[in-house]
There are 4 protein chains.
Amino acid sequence: MRKVDPVKHAEKRQEILDAAERCFIRDGFHGATTASICTEAGISPGHLYHYFPSKEAIIGALVDANLKRVAERFAAASAAPSGVVAALVSEVDQKKPKKTRNARLMLLDMFAEAERNPVLAEVIRKHSRGILTLTADLVRRGQDTGEIDRTLDADAVATVLMSVIDGTRLIGIRDPKLETTKTFGLVKTMIARFLAPPPT
Amino acid sequence: MRKVDPVKHAEKRQEILDAAERCFIRDGFHGATTASICTEAGISPGHLYHYFPSKEAIIGALVDANLKRVAERFAAASAAPSGVVAALVSEVDQKKPKKTRNARLMLLDMFAEAERNPVLAEVIRKHSRGILTLTADLVRRGQDTGEIDRTLDADAVATVLMSVIDGTRLIGIRDPKLETTKTFGLVKTMIARFLAPPPT
Amino acid sequence: MRKVDPVKHAEKRQEILDAAERCFIRDGFHGATTASICTEAGISPGHLYHYFPSKEAIIGALVDANLKRVAERFAAASAAPSGVVAALVSEVDQKKPKKTRNARLMLLDMFAEAERNPVLAEVIRKHSRGILTLTADLVRRGQDTGEIDRTLDADAVATVLMSVIDGTRLIGIRDPKLETTKTFGLVKTMIARFLAPPPT
Amino acid sequence: MRKVDPVKHAEKRQEILDAAERCFIRDGFHGATTASICTEAGISPGHLYHYFPSKEAIIGALVDANLKRVAERFAAASAAPSGVVAALVSEVDQKKPKKTRNARLMLLDMFAEAERNPVLAEVIRKHSRGILTLTADLVRRGQDTGEIDRTLDADAVATVLMSVIDGTRLIGIRDPKLETTKTFGLVKTMIARFLAPPPT
DNA sequence: GATGAATGAGACTTCATTCAT
DNA sequence: CATGAATGAAGTCTCATTCAT
């Protein structure tokens, strides 16, 4: 008799995820309550559980979606015809401050949560491996073209670059005033000098 | 004649802080309960409040102590007679994996918490400014001796280096297997190339 | 189509208030616990907070309802066609001893609580002003008909009468044995002599 | 070897009672903590129990002392050579507002507490009986001299007068603005008319 | 699907009282 | 006498989750 309309179901699910993201950014993973998410999404508390089996599952889905988005953005940058180093450096660029802040908020909550939550940790590891592979390939391409120092280990370089980008994301907690174009520019300089082939 | 023994009080306070740190590392700021801290410290639930007015105050004291320790360690490295770049790079070095992990756990919880807790945010900012000043001075010294590229802005360099170190600390969440000597070595290479004066 | 049933909600809320009143009469505002109220109301500890944001709010609602009831009862008496003095005196009458005792218990807890709780104090003030106005009007009516001494200030008389009634309510604490028909009768005599126009 | 100096002991005891009274007036019987009383009295928490076996005992002693003082003041007024009605009415007089307020605070807390505390209730009853006896005697004296209506039952009159005075004390909770000289004056008028012998 | 009433474990905190020194 | 460290029961309130309708 009754059939679930899978499209509508998926749409509603996404709406809830969006609402949850707003709540998490506003209040953090722990500060946000399922009740607040339901209010934000305009549904009743019980109804949430038609779409997600638990608050943890919402977090998991959100983290997965977020990291996937980042990975895809990076993949797009890699595929772009600009130089290899330019692609590598693209993630450092300063977006709108508000976006930067939101990204940082989610990143920190995600990472902090992942420390005690193996499922989340695995999600992060999965996406990290993807980005790492992509980056390493990019580095190897740069080495082939001579843009990048051939003596560097491409995989290790990828790891270091990912860590640099993560570090860049955190600057704003140390002190919001440090989150400047100058800082980001200097990070790019650092990466450029790091990767540059040694002068002959 | 009979007075409070401030030494004993401070000692007990420290014991509680140590116990709390173990709990926080094990369960996180949110997962750890005041009850678990009391059990770990071997005191009764109410007694905690003779030493700290709230759980938040414990976190605050712990964060302050932790960051102070880091800053002091770094100050010591700066004062050492080894080269300037060596000092700058010292923080990257891999300690015992367990210590690395613990440091990361605290760092993440601290930073995540600070996003919603202005008091904590200010504590972090205070210590960050201290480290930044120290680093910038070190960089300037390096520029004076010719070890470091004179065209770089010392303050901006300090910011970038701090961010790189923060990023290094996070590698283990992305994937514990990446937390290798090789990775850390390559970070040092990056910093060295970044700071090196341009070949004439 | 499907909506919250506001009637049921209000009913449950009232049930809880009734349960709370029983608890407060039995144990006092401080002696009664939210747990005991929940047990009395037959609900779980957490569920209380679907209907009231805090224990204080329950007290507030109860005090408001109680005073409102008193004011309405008095308003009804005022409207009755019996003589003005009879109406004024009606509040003194002795009800069933148990009711008298309960009323006293609530009154005392209310008043004691109001000393430190401005919100409660305002609730009491609000209803007191209502009763005062009503009484003063009644007195003026009596003065018009010649039942009451025209030289008395109606507002001041209202204040004194309210205070007399409050005092009457407290007799039972001084000594339960004093709470007799004789005492109450004499209070009526006092009021009658007080209000009576002077003999010409 | 060690003898307790009973004088010093009694003095310290009184100091503690004074401190406790300040605390109770400030915070109420429930709001005041033994810790705050100790701080106010300048002693350590443990030391309190050298003078009183419990917080309840402090309240008991304080209530006893307070009521005794009231009774004595009233006894003094009774003994004064002024008219009988003047003596009866003396308790109504408005003291300094602050004193009035403090008296009310203590009275309410005392009475509210006595509702659930039989020991306190008995203390109150004891002193009430004393005042009642005194008042009744005074009334009888007035009846002998012709100042007071001879048809009134002296004991019942005493009860009513005590209740009127209690009521007067509460006026300020209903609304602080009502605690005026005019109100108190009118209460005196009421009492005078109440007691006056009927015109022949 | 959808609601919101209901649950219950458990968190943080308070405070009168005791005890070792 | 005097201190203050220590106890532990209990209280208010939160919140993820379930269930009847």
Side-chain angles (χ1 to χ4, degrees), chain A residues 1-5 8-9 12 30-38 42-58, chain B residues 1-6 8-9 12-13 30-38 41-56 58, chain C residues 1-6 8-9 12-13 30-38 41-58, chain D residues 2-5 8-9 12 30-38 42-58:
Chain A
M1 284 287 148
R2 292 197 228 116
K3 276 194 246 166
V4 191
D5 179 341
K8 271 189 115 178
H9 190 269
K12 193 86 197 169
H30 285 95
T33 67
T34 52
S36 70
I37 295 171
C38 291
I43 61 173
S44 65
H47 202 36
L48 185 68
Y49 290 81
H50 278 271
Y51 296 94
F52 297 95
S54 69
K55 184 182 174 183
E56 202 180 317
I58 300 178
Chain B
M1 287 290 144
R2 307 224 196 80
K3 288 187 209 161
V4 201
D5 185 343
K8 265 192 137 176
H9 189 271
K12 193 82 197 178
R13 207 185 117 102
H30 286 95
T33 69
T34 52
S36 69
I37 294 171
C38 290
I43 62 174
S44 64
H47 198 36
L48 186 67
Y49 291 82
H50 271 275
Y51 295 94
F52 298 95
S54 67
K55 184 182 173 183
E56 201 180 318
I58 299 179
Chain C
M1 289 293 144
R2 305 226 197 79
K3 288 186 207 165
V4 200
D5 185 343
K8 265 192 137 178
H9 189 271
K12 193 84 195 176
R13 208 185 117 102
H30 286 96
T33 67
T34 52
S36 71
I37 294 172
C38 291
I43 61 174
S44 65
H47 198 35
L48 187 67
Y49 292 82
H50 272 274
Y51 296 94
F52 298 95
S54 68
K55 183 183 172 181
E56 201 180 318
I58 299 178
Chain D
R2 291 197 229 116
K3 277 193 246 166
V4 192
D5 179 341
K8 273 188 112 177
H9 190 270
K12 194 85 197 173
H30 285 96
T33 67
T34 52
S36 71
I37 295 171
C38 291
I43 61 172
S44 64
H47 200 35
L48 185 68
Y49 290 81
H50 277 270
Y51 296 94
F52 297 95
S54 69
K55 183 183 175 182
E56 202 181 316
I58 300 178

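Within every chain, numbering begins at 1; the chains are lettered A, B, ... in the order of the sequence lines, protein sequences first and strands thereafter. Just so we're clear, the structure is a prediction, and the values are computed from it rather than from any experiment.
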For the side chain of [X], starting at C-beta, report the closest nucleotide among [options].
X	options	result
His50(C)	dA5(E), dT7(F), dT17(E)	dA5(E)
His9(C)	dC12(E), dA5(E), dT12(F)	dA5(E)
Thr34(B)	dG1(E), dT13(E), dA2(F)	dT13(E)
Ser44(B)	dG8(F), dA2(E), dA5(E)	dG8(F)
Lys55(D)	dT7(E), dC13(F), dA16(E)	dA16(E)
Lys12(C)	dA5(F), dA6(E), dG11(F)	dA6(E)

- prompt: What is the minimum heavy-atom distance between His50(A) and His9(A), and which atoms define it?
  reply: O-NE2, 3.8 Å
statement: On a heavy-atom basis, the closest approach of Cys38(A) and Ser44(A) is SG-O, 3.7 Å
- prompt: Mapping Pro45(B) and Ala32(C) to their closest nucleotides on DNA chain F, which lands nearer the 5' end?
  reply: Pro45(B)
query: Just to confirm, is there a sub-4.0 Å distance from OP1 or OP2 of dA5(E) to any side-chain nitrogen or oxygen of Tyr51(C)?
result: no
- prompt: Given dA5(E), is OP1 or OP2 found less than 4.0 Å from the side-chain N or O atoms of Tyr49(C)?
  reply: no
Could you tell me whether [X] contacts a base, only the sugar-phosphate backbone, or nothing, with contacts defined as non-hydrogen atoms closer than 4.0 Å?
X	result
Thr33(C)	sugar-phosphate
Leu48(B)	nothing
Phe52(A)	nothing

Check the distance between [N]'s [atom2] and [X]'s [atom1] and give it to me in whole angstrom.
X	N	atom1	atom2	value
Lys8(B)	dA5(F)	NZ	P	10 Å
Ile37(B)	dT13(E)	CD1	P	10 Å
Ile43(C)	dC13(F)	CD1	P	13 Å
His30(D)	dA16(E)	NE2	P	10 Å

N/O to N/O distances under 3.5 Å, protein versus nucleotides 19-21 of chain F:
none

- request: Describe, in one word, how the ring planes of Tyr51(C) and His47(C) are oriented to each other, choosing from parallel (under 30°), tilted (30 to 60°) and perpendicular (over 60°).
  value: perpendicular
- request: Map every base of DNA chain E to its dot-bracket character, where paired means a Watson-Crick or G-U wobble contact with both distances under 3.5 Å and | marks a partner outside the strand.
  value: .||||||||||||||||||||
statement: To the nearest 0.5 Å, atom NZ of Lys55(C) lies from atom OG1 of Thr33(C) at 7.0 Å
query: Checking side-chain contact (heavy atoms from CB on, under 4.5 Å) against Phe52(D), which of Ile37(D), Ile58(D), Thr34(D) comes through?
result: Ile58(D)
